[in-house]
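Input: a single structure, listed below in structure tokens.
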Amino acid sequence: MKHTDIKELFDKPEKFVDKDVVVCGWIRTLRESKTVSFIELNDGTTIKNLQLVIENVDNIDLKDLLTGTSLKVEGQFVASEKNGYELRLKTLEVLGKCAKDYPLQKKFHSLEFLRELPHLRARTRYFEAVFSVRDQLAQAIHKYFHSHGYKYLHAPIITASDCEGAGEMFRVTTQPWNAKYDTEEEYYANDFFAQKAGLSVSCQLEGEMAAMGLGRIYTFGPTFRAEHSNTTRHLAEFWHVEPEVCFADINDIIEIAEDFIRSIIKDVLENCKEELAFFDQWVEKGLIDKLKSVSSTDFAKVAYTDAIKILQESKKDFKYPVEWGADLQTEHERYLTDEYFKKPVFVVHYPKEIKSFYMKQNDDGKTVAATDLLVPGIGEIIGCSEREADYDKLVDAMTKRNMPLEQYAEYLDTRKYGSVPHSGFGLGFDRMLMYVTGVSNIRDTLLFPRAVGKI
Ligand code: 4AD
Ligand code: MG
């Protein structure tokens with residue numbers, strides 16, 4: 001269907017002004033008066049609507065033009081004092097009528113209301129803006145890695161090994177619901193893969209194996225966690241960005257992570273001006289200033305041990321106790337980011353007991369070379385570490401966690417055949433999108449969020 005995008009009209013008005021153009025889209029609103037009527041038309045190419053002016057046009061029955069109706073129209077694109085530009089309608093064709101029970105009748109709907117209508121919410125300005133920034137952020141990530149010599153790797157989604165070992169894997173099975181076996185082993189032996197399989201929680205282990213030949217790689221895809229965390233920052237299916245870098249220690253990877261985050265924020269600032277202005281006005285006041293400041297100032301860095309001291313000295317009445325050895329809870333992370341540092345902060349060198357088996361053990365015997373990047377308003381967006389490159393130390397850490405070594409034989413081979421210092425991180429893409437848009441519930445960062453009890 002030959003037509004012009006509304007975005008193109010607004011981006012290059014000089015090319016179209018005073019000429020006839022054909023535009024397609026959906027009616028957002030219709031305002032009628034005796035002599036002249038107005039339609040706000042949106043085609044999804046920009047969050048801006050094009051105003052159609054209907055005056056002295058025959059054969060148009062306004063009664064048919066309900067909100068949500070799809071149209072193909074032709075008219076003269078003209079400058080207007082109030083709107084910048086508008087379209088003086090000449091012909092109108094209804095592509096699809098809209099039933100009267102179309103739920104999106106108001107200009108503003110609450111996010112709670114829209115969450116119940118995931119299949120329709122892409123037709124609102126809010127979600128158009130969310131998905132535009134989501135797209136730009138994803139493109140920015142690919143651009144960053146591609147231009148820095150990383151190879152984009154596709155890792156399997158179905159896997160037999162649990163990277164995080166937190167028992168949060170979804171099972172993948174084709175056994176009938178009433179399959180009965182005496183033992184778990186028998187059950188899995190008869191299953192599709194002839195062994196226990198699940199959905200990947202992280203592509204890190206495959207990423208490490210690839211990096212060990214390719215030098216620098218990244219994966220970017222969905223990963224899955226059967227966490228029963230019914231929070232505003234947990235999904236059962238989230239998008240995960242995971243670079244893995246050879247010949248890099250913990251300090252190198254922190255530098256990379258910071259440069260990466262700042263660079264993708266700059267990209268969004270440059271390419272999503274209208275959307276960010278919308279979020280700044282309606283969702284998080286001061287958002288643009290926040291992003292500008294984050295993209296141009298250094299992040300803070302604090303050792304876990306010092307972070308514990310800061311929390312203890314805060315005299316805050318935390319729900320969860322603060323003591324060396326305990327994991328940081330959301331309330332602790334939020335104090336560090338929102339009240340103490342007031343900017344993104346890397347918390348470095350966590351106690352080894354609360355972190356994963358693959359992290360490099362520090363010489364102090366107590367901590368690992370791992371860091372989480374915490375940001376104001378959200379908490380952890382990146383989990384990062386230098387990997388344990390020493391075969392014996394790695395086997396020791398796995399044995400202490402009762403991990404089945406035979407299932408990780410291929411992974412362990414990387415430490416046998418030319419092991420090198422290497423590091424990597426995982427960025428929660430949906431959380432990053434929350435940070436750059438100000439959207440406060442992760443379920444509003446994608447169209448069909450999957451969370452406990454919700455599919
Ligand atoms: O800290 P995590 O668990 O780290 C890993 O999985 C490492 N193997 C990554 C790596 O080094 N390659 O997860 C990384 C990030 C978190 O910081 C968080 O932003 C996000 O993934 N994340 C979630 N996002 C949404 N919903 C969930 N349930 C998430 N779990 C983790
Ligand atoms: Mg983590």
Side-chain angles (χ1 to χ4, degrees), residues 137 141 145 150 153 155 159 161-170 199-211 216-246 248 250 253-254 256-257 260-261 304 327-330 332-333 337 344-348 350-351 354-360 368-375 377-388 408 411 422-436 439 441-446 449-452 454:
L137 193 63
I141 287 168
F145 286 127
Y150 290 70
L153 184 81
T159 176
S161 62
D162 182 356
C163 171
E164 289 306 306
E168 289 160 351
M169 278 179 96
F170 283 99
L199 298 180
S200 180
V201 300
S202 161
C203 301
Q204 177 193 326
L205 304 187
E206 292 86 357
E208 282 187 62
M209 296 181 217
R216 286 200 287 285
I217 63 93
Y218 73 104
T219 59
F220 182 0
T223 57
F224 307 85
R225 304 221 174 156
E227 283 177 279
H228 284 264
S229 311
N230 206 348
T231 77
T232 54
R233 34 176 234 151
H234 285 92
L235 290 168
E237 174 179 303
F238 69 97
W239 284 71
H240 208 167
V241 182
E242 298 183 275
E244 198 65 37
V245 189
C246 284
I250 183 73
I253 196 72
I254 288 176
I256 292 169
F260 163 71
I261 294 291
Y304 166 88
D327 208 356
L328 298 183
Q329 301 295 326
T330 306
H332 308 138
E333 295 179 348
T337 50
V345 52
F346 286 102
V347 179
V348 197
Y350 282 84
I354 57 170
K355 288 288 183 188
S356 300
F357 71 94
Y358 51 73
M359 295 175 173
K360 185 185 162 64
V368 283
T371 182
D372 283 352
L373 176 62
L374 316 178
V375 298
I378 297 173
E380 176 190 342
I381 59 164
I382 279 182
C384 171
S385 65
E386 180 172 345
R387 318 309 191 187
E388 182 52 77
Y408 293 82
Y411 180 67
H422 64 288
S423 303
F425 64 82
L427 166 74
F429 178 72
D430 318 276
R431 288 190 189 172
M432 184 66 200
L433 186 62
M434 291 169 78
Y435 187 61
V436 295
V439 167
N441 190 328
I442 198 163
R443 296 177 192 200
D444 297 329
T445 63
L446 19 65
R450 270 74 175 101
V452 55
K454 185 122 188 94

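Computation of the quantities below employed the complete heavy-atom set of this structure, encompassing side-chain atoms and omitting hydrogens, waters and symmetry-equivalent molecules. Every number for a ligand or one of its atoms is a count from 1 in the order of the listing. Sequential numbering from 1 along the given sequence is applied to the chain's residues.
The OG1 atom of Thr219 lies 8.5 Å from the CD atom of Glu206; values are rounded to the nearest 0.5 Å. Taking CD1 from Ile354 and CE from Met359, the interatomic distance works out to 9.5 Å, rounded to the nearest 0.5 Å. The structure places CD of Glu168 at 11.0 Å from OG1 of Thr223, a figure rounded to the nearest 0.5 Å. Atoms OG and CD1, on Ser423 and Ile256 in that order, are 8.0 Å from each other to the nearest 0.5 Å. Between Glu333 atom CD and Glu380 atom CD the span is 6.0 Å, to the nearest 0.5 Å.
Of all the heavy atoms of Trp239, none lies under 4.0 Å from any atom of ligand 1, so neither backbone nor side chain is involved. Contacts with ligand 1 closer than 4.0 Å are made by no heavy atom of Ser356, backbone or side chain. Using a 4.0 Å cut-off between heavy atoms, Ile382 contacts ligand 1 through its backbone alone, with no side-chain atom that close. Contacts between His234 and ligand 1 below 4.0 angstrom, taking non-hydrogen atoms only, involve backbone and side chain alike. Under 4.0 Å from ligand 1, not a single heavy atom of Glu244 appears.
The aromatic rings of Phe220 and Trp239 sit perpendicular, their planes meeting at an angle over 60°, well past the 30° parallel limit. Between Phe425 and Phe260, the angle of the ring planes lies from 30° to 60°, which puts this pair in the tilted group. Ring orientation note: the planes of His240 and Phe238 are tilted relative to one another, at an angle of 30° to 60°.
Counting protein heavy atoms only, atom 28 (N) of ligand 1 is closest to Glu227 OE1, 2.8 Å. Residue, atom and distance of the protein heavy atom nearest to atom 1 (O) of ligand 1 are Glu380 OE2, 2.9 Å. Nearest non-hydrogen protein atom to atom 5 (C) of ligand 1 is Glu164 OE2, 3.3 Å. Closest protein heavy atom to atom 11 (O) of ligand 1: Arg387 NH2, 2.9 Å. Looking only at protein heavy atoms, the nearest one to atom 19 (O) of ligand 1 is Ile381 O, 2.9 Å. Annotation: atom 18 (C) of ligand 1 to nearest protein heavy atom, Arg431 NH1, 3.4 Å.
Residue Phe238 places no N or O, backbone or side chain, under 3.5 Å from any N or O of ligand 1. Between Cys163 and ligand 1, no N or O atom pair is found at a separation short of 3.5 Å.
In the candidate list Thr219, Asp430, Leu235, Leu235 is nearest to atom 26 (N) of ligand 1, counting heavy atoms. In this comparison of Glu242, Gln204, Arg225, the heavy atom closest to atom 2 (P) of ligand 1 sits on Arg225. Heavy-atom proximity to atom 10 (C) of ligand 1, evaluated over Gly207, Ser385, Gly426, is greatest for Gly426.
Formation of a donor-acceptor pair under 3.5 Å by the Thr371 side chain with backbone atoms of Val347 is found in this model.
The shortest side-chain heavy-atom distance between Gln204 and Glu164 falls under the 4.5 Å cut-off.
Heavy atoms of Met432 come nearer than 4.0 angstrom to ligand 1 in no pair at all. In this structure, Glu168 has no heavy atom closer than 4.0 Å to ligand 1.
Ion pairing between a basic and an acidic side chain is recognised when a charged N comes within 4.0 Å of a carboxylate O; Arg387 and Glu244 show such pairing.
Listed by number with element, the atoms of ligand 1 under 4.0 angstrom from any heavy atom of Tyr358 are 7 (C), 8 (N).
None of the N, O or S atoms belonging to Asp372 lies under 2.8 Å away from the Mg ion (ligand 2).
The two residues Ile250 and Glu386 have their closest heavy-atom pair at N-OE1, 3.0 Å.
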